[in-house]
Amino acid sequence: MSDNPIGIFDSGIGGLTVANAISSLLPNEKIIYFGDTAHLPYGDKSAKAIRDYSKEIIKFLLSHHCKLIVIACNSASASVGNAYLKWVPKDMPVVNVIDPIVEYLSREKYTRIGLIGTKRTIHSRIFPKNLNKITSSKIIQSLATPLLAPMIEEGFYNNNISKAVINSYLSNSRLIGIQSLVLACTHYPLIENQIRELLGQKIEIVNSAYVVARKVETVLKLSSSERHERRSPEHQFFVSDFTSGFEQAANRFFGKKVKLQEHNLWKR
Ligand code: DGL
């Protein structure tokens, strides 16, 4: 069991930022990644549509004998609650990208927290609702930034176009007075540097990839299911719709050469 892979999925290739953090922290672990590029973006879809897509993907990852599933997408994590996951085998750990961040925010000293993400994530209000269950002394000021994920997926970052779009969002009055900013979309680590340039050093940027990777490490340790095999693992990367553009972007998101295999779970 401990030699089995970790299954990770996202609407597209953004979740590779989480896969990359997991593989850096846990280099022995084998990863099976699924990017649902045929249905991207999830951020504008209904919660029901995202749940249906996620179900097929989780079934696919389970059929590859994954020992742990990571929902590496905030929009999917906001839509797929624990109640919905009842059909997943009881002993199968599922880590999403919201709970570890909420735990992290509850421990941090900041009281005025900015949060940017897709419409699905922001409109679900899942971050403020869950943080409020732990503490009432913090305020989350959230803003939907729907142009960012498609812009990044198209390769528009670290240039003047992305700078103008990011600047326009960050100037929104909803973010006035924040002490930290949560990047509540797994695509956003690619624009972290540009966000930092615009916000300055005083505002902490919370990049969920590392927080989630540490959560995965803890869960594996608790169940004694870390992979001990020393040979470097061969990861596998699947997408529901292949284009060479996705593959180039995947290399940038994962930080290493990635070979994408097309596997459309919805093609009958
Ligand atoms: N990466 C996804 C997330 O974290 C968003 C991209 C999309 O809208 O599909 O929410």
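When a residue number appears, it is its place in the shown sequence, counting from 1. Ligands are counted one by one from 1 in listed order, and the atoms in each one are counted from 1 as well.
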Exercise for the section: Could you list which atoms of ligand 1 come closer than 4.0 Å to a heavy atom of S11? Expected result: 6 (C), 7 (C), 9 (O)
Problem - Main-chain N/O of A184 paired with N74 side-chain donor or acceptor, under 3.5 Å - result: yes
Exercise for the section: Report, in ascending order of atom number, the atoms of ligand 1 lying under 4.0 Å from any heavy atom of Y42. Expected result: 7 (C), 8 (O), 9 (O)
Problem - Min heavy-atom dist P41 to ligand 1 below 4.0 Å - result: yes
Handout entry: Where ligand 1 meets T118 - atom numbers and elements under 4.0 angstrom, heavy-atom basis
Key = 5 (C), 8 (O), 10 (O)
Practice task
For atom CD of E154, decide whether the heavy atoms of other residues, nucleotides or ligands shown that lie under 6.0 angstrom number more than 12.
Solution key: no
Fill in the blank from the handout: A149 heavy atoms within 4.0 Å reach ligand 1 at atoms 6 (C)
Exercise for the section: Starting from atom 8 (O) of ligand 1, find the nearest protein heavy-atom neighbour and note its residue, name and distance. Expected result: G43 N, 2.8 Å
Handout entry: C73 near ligand 1 by a heavy-atom separation under 4.0 Å
Key = yes
Exercise for the section: Quick one: look up the protein heavy atom nearest atom 5 (C) of ligand 1 and list residue, atom name and how far away it is. Expected result: C185 SG, 3.5 Å
Handout entry: atom 10 (O) of ligand 1: the protein heavy-atom neighbour that sits closest, reported with distance to 0.1 Å
Key = S75 OG, 2.7 Å
Exercise for the section: Indicate yes or no for a side-chain donor-acceptor contact from E262 to the backbone of F242 under 3.5 Å, with no hydrogens or angles considered. Expected result: yes
Problem - Nearest-neighbour protein heavy atom for atom 3 (C) of ligand 1, which is reported as residue plus atom name and distance - result: N74 N, 3.3 Å
Completion exercise
The residue among R214, K215, K221 that forms salt bridge (Lys or Arg N to Asp or Glu O under 4.0 Å) with E217 is K221
Practice task
Decide whether S162 and N159 meet the rule of one side-chain donor and one side-chain acceptor closer than 3.5 Å.
Solution key: yes
Practice task
May I ask you to check if ligand 1 and T186 share an N or O to N or O distance below 3.5 Å?
Solution key: yes
Exercise for the section: Identify the residue among F156, Y42, Y157, F253 that makes a ring-ring contact (aromatic ring centres under 6.0 Å, His included) with H187. Expected result: F253
Practice task
Return yes or no for this condition: an N or O of D10 is under 3.5 Å from an N or O of ligand 1.
Solution key: yes
Handout entry: Any donor-acceptor pair under 3.5 Å from K138 side chain to L131 backbone
Key = no
Handout entry: Centroid-centroid under 6.0 Å between H64 and F34 rings
Key = no
